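Treat the numbers as computed from the prediction; the structure is a model and nothing was measured.
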Amino acid sequence: MTTILTEQIDHVFVMRLNRADKLNSFNLQMLRELGEAYSEYENNPDLWCAALLPVGDHFTSGLDLAEVGPAVRDGNALFPDGAMDPLDLHPPHRTKPVVCGVRGWCLTIGIELLLACDIRLAATGSRFNQMEIKRGIMPFGGATIRFPQIAGWGNAMRWLLTADEFDADEAHRIGLVQEIVSLADLEERTIELATRVSLQAPLGVQRTMAAARESLEQGPTAAAANLLGHARRLMDSQDAAEGVQSFIERRKAEFKGK
């Protein structure tokens with residue numbers, strides 16, 4: 001059975017976790033197929049934004065530790081060599097945006113996948129838990145890096161060090177998600193936001209992400225030194241010319257990603 005379902009809607013690439021009978025818990029196959037789906041998205045120039053969603057009532061109950069645990073202990077890679085890392089911890093790094101919508105349980109790697117995305121939504125009633133320390137291990141998919149970065153040290157440690165469960169309201173309060181939507185509206189709203197991003201100039205979106213990432217990884221001073229370089233490269237693009245022309249002609253721009 002395919003554990004990751006994909007479809008293209010115009011310039012949006014929709015990826016769905018498809019192991020609902022196991023609460024979308026991640027076994028090795030599902031990790032591999034998610035890496036392959038992210039690679040397909042990254043490498044297709046016609047795809048400008050992605051949406052990550054679950055099939056079934058829950059985003060994910062976390063890793064299938066009985067299968068994945070021994071692989072991690074033995075030093076095996078979670079994702080195929082050369083494939084994109086959906087957790088965006090190891091190269092090659094993703095250059096395009098992902099909008100994520102979660103519902104039901106969002107546990108362990110689910111939170112880490114959410115943290116790795118760029119715009120994040122939760123359905124009313126969603127439940128979150130970073131419970132690794134309860135199992136005698138620690139988060140190793142990015143939560144120790146991104147949770148303090150996004151939520152602040154105290155908010156991150158409150159949930160990383162207690163293994164307590166928290167709800168969508170708390171996820172929104174600490175910045176883990178940007179919107180809370182009704183359960184019925186989650187998929188439509190997630191794809192709607194991905195579509196909104198895909199209507200913008202894709203090279204501009206990618207440069208904006210790159211500049212913001214530089215600030216996080218290298219600091220504001222280093223990022224500031226690169227801003228004009230990013231802008232100049234965009235100004236030579238066909239999309240920049242189209243953007244100016246559409247403004248002059250008072251019409252919607254028709255971007256090509258060139």
Side-chain angles (χ1 to χ4, degrees), residues 12 14-17 20 23-26 34 49-63 86-89 94 96-134 138-200 205 208-209 212-213 215-216:
V12 173
V14 182
M15 301 175 285
R16 291 184 175 88
L17 309 182
L23 305 184
N24 286 330
S25 67
F26 277 84
L34 186 60
C49 190
L52 180 63
L53 288 158
V55 173
D57 296 333
H58 301 281
F59 186 66
T60 178
S61 59
L63 290 173
L87 297 167
D88 209 27
L89 296 175
R94 175 170 53 81
K96 303 178 188 179
V98 178
V99 182
C100 184
V102 306
R103 61 175 170 253
W105 286 113
C106 181
L107 307 182
T108 62
I109 192 174
I111 294 176
E112 293 175 309
L113 283 169
L114 190 62
L115 286 165
C117 291
D118 305 291
I119 302 173
R120 304 175 295 273
L121 295 82
T124 303
S126 299
R127 310 296 295 180
F128 303 83
N129 198 322
Q130 198 80 59
M131 63 173 66
E132 285 88 344
I133 59 169
K134 191 180 290 187
M138 62 170 282
F140 54 88
T144 56
I145 301 167
R146 296 194 178 101
F147 215 152
Q149 197 175 65
I150 288 172
W153 183 268
N155 286 327
M157 293 304 116
R158 166 65 182 88
W159 304 112
L160 288 173
L161 300 184
T162 62
D164 285 345
E165 176 188 316
F166 58 98
D167 62 13
D169 287 336
E170 175 66 2
H172 187 253
R173 184 190 74 82
I174 63 180
L176 179 59
V177 298
Q178 281 66 63
E179 292 185 19
I180 301 174
V181 299
S182 72
L183 191 59
D185 292 338
L186 177 69
E187 182 156 328
E188 180 180 354
R189 179 58 176 159
T190 302
I191 295 174
E192 177 189 6
L193 280 174
T195 300
R196 287 284 300 145
V197 173
S198 75
L199 293 175
Q200 316 313 314
V205 168
T208 299
M209 287 179 58
R213 177 171 287 168
S215 183
L216 286 176

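Ala122 and Val177 get closest at one heavy-atom pair: CB-CG1, 3.9 Å. Nearest approach of Thr190 to Cys100, heavy atoms of both residues: CG2-C, 4.1 Å. Between Leu160 and Pro139, the shortest heavy-atom distance links the atoms CD2-CG, 4.1 Å. The two residues Ala116 and Arg94 have their closest heavy-atom pair at O-NH2, 2.6 Å. Listed here is the closest heavy atom pair of Arg120 and Leu176: NE-O, 2.5 Å. Nearest heavy atoms, Leu115 versus Ala143: CD1-CA, 3.9 Å.
Gln200 pairs by the side chain to side chain donor-acceptor pair (under 3.5 Å) definition with nothing, not counting sequence neighbours. A search for ring-ring contact (aromatic ring centres under 6.0 Å, His included) contacts involving Phe128 returns Phe166, not counting sequence neighbours. Legend: residues meeting side chain to side chain donor-acceptor pair (under 3.5 Å) with Asn129, ordered by chain and number and at least two apart, are absent. For the side chain to side chain donor-acceptor pair (under 3.5 Å) test, residues two or more places apart in sequence or in another chain that qualify with Ser182 are Asp185.
For Ser126 (side chain) and Ala123 (main-chain N/O), a donor-acceptor pair under 3.5 Å exists by modelled atom type. Although no hydrogens or angles enter the test, the distance criterion places a donor-acceptor pair under 3.5 Å between the side chain of Thr124 and the main chain of Val181. Between the side chain of Arg189 and the backbone N or O of Leu121 there is no donor-acceptor pair closer than 3.5 Å. Arg158 places no side-chain N or O within 3.5 Å of a backbone atom of Asp164 that could act as its donor or acceptor partner. Listed for the His172 side chain is a donor-acceptor partner under 3.5 Å among the backbone atoms of Gln178.
Counting only heavy atoms from C-beta outward, the side chains of Glu165 and Met131 never approach each other to under 4.5 Å. In this structure the side chain of Val205 reaches within 4.5 angstrom of the side chain of Pro97, judged on heavy atoms.
For residues 143-154, no pair satisfies side chain to side chain donor-acceptor pair (under 3.5 Å), with sequence neighbours left out.
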Check the pair Ile145, Leu89 against side chain to side chain contact (heavy atoms under 4.5 Å, CB included), reporting the backbone distance first and the verdict last. CA-CA 10 Å; Ile145 301 167; Leu89 296 175; 4.1 Å; yes
Take Phe59 and Leu17 through the side chain to side chain contact (heavy atoms under 4.5 Å, CB included) test and state the conclusion after the steps. CA-CA 7 Å; Phe59 186 66; Leu17 309 182; 3.9 Å; yes
Output, in order, the C-alpha distance, side-chain angles, deciding distance and verdict of side chain to side chain contact (heavy atoms under 4.5 Å, CB included) for Phe140 and Leu63. CA-CA 11 Å; Phe140 54 88; Leu63 290 173; 3.7 Å; yes
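Of the inter-residue distances, the one linking Lys96 atom NZ with Ser198 atom OG reads 11.5 Å to the nearest 0.5 angstrom. Distance check, rounded to the nearest 0.5 Å: CD of Glu188 to CG of Leu193 gives 11.0 Å. Here the straight-line distance linking atom OG1 of Thr108 with atom CZ of Phe26 works out to 9.0 Å at 0.5 Å rounding. Summarising the geometry, atom CD belonging to Glu187 is positioned 6.5 Å from atom CZ belonging to Arg103; distances are rounded to the nearest 0.5 Å. For the atom pair Ile119 CD1 and Glu179 CD, the distance stands at 8.5 Å (nearest 0.5 Å). Summarising the geometry, atom CG belonging to Leu34 is positioned 10.5 Å from atom OG1 belonging to Thr60; distances are rounded to the nearest 0.5 Å.
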For residues 49-58, run the donor-acceptor check on the side chains, cut-off 3.5 Å, and write out each pair with its distance to 0.1 Å, sequence neighbours left out.
unit_1: His58; atom_1: ND1; unit_2: Trp105; atom_2: N; d: 2.9

